[in-house]
Amino acid sequence: MTLRSEYPRPQFVRDKWLNLNGEWDFAFDDANRGMIEHWREGEGPFARTINVPFVYQAKKSGIGQRERHDVVWYRRDIEIEAPSDDSSVILHFGAVDYEATVFVNGCQVVHHVGGHTPFEADITPVLSADGHQRIVVRVFDPQDDEQIPRGKQFWEPQSTGIWYTNSTGIWQTVWIETIAAKRLDDVRFRTLFDQGMIDIHAFGHGVSPVDRLRYAIRLGDQVLANGELGWATPELDWQIDFIQNHIFHAAFHGDGMPAWSPEHPTLFDVDFEIVDGLTGVITDKVSSYFGIRDVRTENGMVYLNGMPYYQKLVLDQGYWPEGLLTAPQDEDYRKDIELAKSMGFNGCRKHQKMEDPRFLYWADRLGFIVWGECASAPVYSKKAVDRLCAEWAEVVDRDYNHPCILTWVPLNESWGVPRIHTDTQQQHFSEALYHYLHAIDPTRLVESNDGWEQTVTDICAIHNYNHGKPDDDAQYDEYRSQLADRESLLSRAPAWDIYARGFANQGEPILLTEFGGIGFDVSGEPGWGYTSVESADQLIEEYSRIMDALYASSGLWGFCYTQLTDVEQEINGLLTYDRKPKCDLSAIKEINDRHHISRVLL
């Protein structure tokens, strides 16, 4: 059975590919003996199987064991012919947690460190002529190493508090494609909103000046622009003027150009072809898409496509009962977004996890803002710094083209920088991440340290769960006072400083990016929330009470409510862990819809 059969890289699609999800041989190697001697000896230690792309801790893997195993092995035999021409066979891994070494037919083909980002290997030189190929993967996930950026994955035997079940091994799709020597390696789209341009940057492989790149941009069935360029160098950069060429038109009157937003998630499809300049043969075809959108901050507000925009986000941990980090089906990503939008949220903050590109694809298609947040390490060290920076570089490479991502969140609540308030070294790290992300991605905002002790940042993000119990009027009044205006938000923090020492608000917009967390148990299992209620009606009443305090604020420019779903022992979701509504979701939407941008502007 093939699990998760959808194409795994939705912004760079080729028609021909081989999905390697499904049943693999699997083994624990607790003694770390190594298994090279067993690769050609039949079953050897591979006495069990696992369903890829689910980690052994997940029920969907067919194993579902929580016990610690730092070293695990995968093996799969496939039939694939070695190319008879100069084509390449590329083996792709969506994500493997944490350190992966891949062998094909006994030869090491790639070693990758990092649990959230993709990697690949050209396995053409090691393919067997008879077509029978053996893939072996060794995964090393030292679960007591707190220098690894693992986010919410807990390194202790049992989940507790805000920490959840650990994940070890392959957790995103494995696949193979055979591609020509002359091919497209990557493409980037950047909206030059003020100039009325789309900048396209294409990266070729094996191309020469006589070869051509063809492109066609479509909106639905209508071709809006097309062209053909020569490969003067392996990188091409050109702009499409979407106003003067009448492709999208300006927005001086009426709706104007169809820019991407949660309300109108317009996407433009793009087809690329590489044409051999000597033979005229098309050697590579790739399909992609982009959205026109611009995000910036001005006058203490967030602007989307040149207009003030109030973000109504929900915290999304990205866990599932049977799959843990991996959604059981592609449809589950879509369902989460549709449920959130049905409650009046226009986006999410993906918390301490870089989500599968399939989620970002659905966010692009359905119109759903995403704040991208790389997993943090719990401690500060040179190794932890190096590891986090390496993952961020790969994250931006993977997700650059997704219009849904408006903000990067490099740090959360001083995780991994516990002394940032006064330690200038840790402050430099926060500033370095801020400037590095802007240096490699000029299309998004960067929020430095979500919650408190921020350094230089585009958004002042505050956490405050001190709304009090339903009958605690004094605490609630204090909560309203803390949120009342910009001055109160910046000076009356519950128990911490909003900015690290030496830093202060420079006029950036303020958002309440964690709050609420109302606990409501519908499962009968023990759990916790920041406050609790006993019925669906009480949940709606309490949500309304908390939101009234936010809406009364003249200083907030958006929020992120905790949280979308229950996760293991946390029972503070608006949905259960298996995505069942805890109350009438239309009532939540009615409360969220009380706030309109016009109210803030007036």
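Values below: every heavy atom of this structure, side chains too, minus hydrogens, waters and symmetry copies.
- Residues Val295 and Val302 are in side-chain contact: their nearest non-hydrogen atoms beyond the backbone lie under 4.5 Å apart.
- Thr117 places a side-chain heavy atom less than 4.5 Å from the side chain of Val395.
- Under the salt bridge (Lys or Arg N to Asp or Glu O under 4.0 Å) rule, Asp271 has a single partner from Lys285, Arg218, Arg14, which is Arg218.
- Tested against Trp320, the residues Tyr577, Trp171, Tyr333 include a single ring-ring contact (aromatic ring centres under 6.0 Å, His included) partner, Tyr333.
- Between Arg68 and Asp144 there is a side-chain heavy-atom pair separated by less than 4.5 Å.
- Under the 30°/60° scheme for interplanar angles, the aromatic rings of Trp415 and His351 are found to be tilted.
- The aromatic rings of Phe28 and Tyr56 sit perpendicular, their planes meeting at an angle over 60°, well past the 30° parallel limit.
- Evaluated for a salt bridge (Lys or Arg N to Asp or Glu O under 4.0 Å) with Asp356, the options Lys350, Arg9, Arg4 yield exactly one hit, Arg4.
- A salt bridge is defined here as a Lys NZ or Arg NE, NH1 or NH2 lying under 4.0 Å from an Asp or Glu carboxylate O, and Asp386 with Lys382 meets this definition.
- Applying the salt bridge (Lys or Arg N to Asp or Glu O under 4.0 Å) test to Asp332 and every residue at least two apart in sequence or in another chain returns nothing.
- Contact detail for Asn592 and Lys312: the closest heavy-atom pair is O-NZ, 2.7 Å.
- Looking at Arg138, its side chain never comes within 3.5 Å of a backbone N or O of Glu99 through a donor-acceptor pair.
- Heavy-atom neighbours of His264 NE2 from other residues, nucleotides or ligands within 6.0 Å: at or below the threshold of 12.
- Judged by the 6.0 Å and 45° rule, Arg188 forms a cation-pi pair with Tyr400.
- Contact of the Phe429 side chain with the Cys389 side chain is registered, since non-hydrogen atoms from C-beta on lie closer than 4.5 Å.
- Side-chain atoms of Gln569 and Tyr164, non-hydrogen and from C-beta on, do get closer than 4.5 Å to each other.
- Shown here for Leu406 and Arg444, the closest heavy-atom pair between the two residues is O-CB, 3.5 Å.
- Using bins of under 30°, 30° to 60° and over 60° for the plane-to-plane angle, the ring pair Phe359/Phe368 lands in the perpendicular bin.
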(request) Just do the ring-ring contact (aromatic ring centres under 6.0 Å, His included) check on Tyr543 and Tyr561 with the steps written out, would you? (result) CA-CA 10 Å; Tyr543 186 83; Tyr561 178 81; 5.0 Å; yes

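- Ring geometry for His201 versus Phe203: interplanar angle under 30°, hence parallel rather than tilted (30 to 60°).
- Ile420 places a side-chain heavy atom less than 4.5 Å from the side chain of Asn449.
- Taking the six-membered ring where the residue is Trp, Trp163 and Phe154 present parallel rings, their angle staying beneath 30° rather than reaching 60°.
- Between the side chain of Trp260 and the main chain of Leu267, no donor-acceptor pair closer than 3.5 Å is present.
- Checked for salt-bridge contact, Asp269 and Arg365 meet the test: a charged N lies under 4.0 Å from a carboxylate O.
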(message) Go through it in stages, so that I can follow the logic: the residues are Phe515 and Tyr465, the test is ring-ring contact (aromatic ring centres under 6.0 Å, His included), and I'd like the CA-CA distance, side-chain angles, deciding distance and then a yes or no.
(response) CA-CA 5 Å; Phe515 70 101; Tyr465 291 98; 7.8 Å; no

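- Side chains of Gln352 and Ile162 form no contact here, defined as non-hydrogen atoms less than 4.5 Å apart.
- Using a 30° and 60° split on the angle between ring planes, Trp408 and Trp392 fall in the perpendicular class, above 60°.
- Salt-bridge annotation for Asp145 and Arg150: absent, with no side-chain N of the basic residue lying under 4.0 Å from a carboxylate O of the acidic one.
- Tyr289 has its side chain within reach of Tyr361: a pair of non-hydrogen atoms, C-beta onward, lies under 4.5 Å apart.
- Results of the side-chain hydrogen bond (donor to acceptor under 3.5 Å, both in side chains) test with Arg349 over Thr407, Thr513, Asp450 single out Asp450 as the only residue that passes.
- Of the N and O atoms on the side chains of Gln147 and Ser381, at least one donor lies less than 3.5 Å from an acceptor on the other residue.
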